[in-house]
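Have a look at the structure below, then the notes.
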Amino acid sequence: VEEGQVQVGILALQGDVREHRLALTELGAATREVRRPDDLIGLEGIVLPGGESTTMSLLLDSSGLMDPLRKQLDAGLPAFGTCAGLILLATEVVDGRPDQQHFGRIDVSARRNGYGRQIRSFEAELDVPALGDTPLHAVFIRAPVVVRAGPDVEVLAELPAAVEEDLADAATPPTEHRPVLCRQGPVLVSAFHPELTGDRRLHGLFLSMIDAAA
Ligand code: GLN
């Protein structure tokens with residue numbers, strides 16, 4: 001770690017670790033893959049990537065990371081969860097495995113594979129006022145649906161109504177509001193995969209949240 005560099009961990013038990021690492025490195029952060037409890041030492045923020053939340057839950061247990069990571073998150077470690085990472089950070093998981101664990105750091109209910117197994121992936125242009133006027137291109141892959149966002153949750157982007165209509169046969173019936181990017185305190189979550197596009201604004205927002213928390 002060079003002077004002035006922020007140290008960000010990426011949970012690297014499974015899932016799309018490399019792309020997050022690249023995005024954060026491009027923005028000047030020092031990154032570290034987190035596989036064992038020792039890897040948590042000295043982190044100023046952590047990314048929980050996409051992948052399979054049930055598998056990650058099992059691997060968190062077997063690696064011994066579950067408890068120490070939970071402690072750090074409870075103590076306010078800034079976290080950015082994308083897709084499966086959103087599920088891991090949610091207070092409630094719908095359609096999960098009964099033994100699936102989650103950290104409950106953001107007050108949302110996440111329905112796993114909520115767009116239906118048929119609709120494995122889709123893309124959308126999101127209006128994200130917090131990131132400026134240029135829409136954010138978002139890639140959704142067997143994404144969770146945020147079926148509830150609590151009063152303390154700041155919804156930074158919703159799925160546009162037109163996309164909702166295209167997904168009319170999705171498993172979760174369309175609602176007026178479908179949050180896909182949310183923040184609560186030091187925790188940022190997206191239902192989509194920001195690491196798969198060249199747009200670094202969301203990783204930049206997370207780094208500014210880490211700054212603000214420091
Ligand atoms: N469907 C996955 C899960 O439930 C999430 C998919 C993803 O991260 N791309 O964990």
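Just follow the structure's listing: the first ligand is 1, and inside any ligand the first atom is 1.
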Verify same cluster id: L188, I106 (apolar side-chain graph, 4.5 Å): no

Can you tell me which residue pairs pass the ring-ring contact (aromatic ring centres under 6.0 Å, His included) test with a partner in residues 195-214, sequence neighbours excluded? H20-H203, F80-H203, F80-F206

Donor on one side chain, acceptor on other, R21 and T31, under 3.5 Å: yes

With distance as the sole criterion, is a donor-acceptor pair present between the side chains of D61 and Q101 under 3.5 Å? yes

Are any of the side-chain heavy atoms of I46 and I10 separated by less than 4.5 Å? no

Residue shell for ligand 1, any heavy atom closer than 4.0 Å, reads G50, G51, E52, S53, C83, A84, I87, R112, N113, I141, R142, H193

When you check the gap from the basic side-chain N to the acidic O, do E52 and R112 get nearer than 4.0 Å? yes

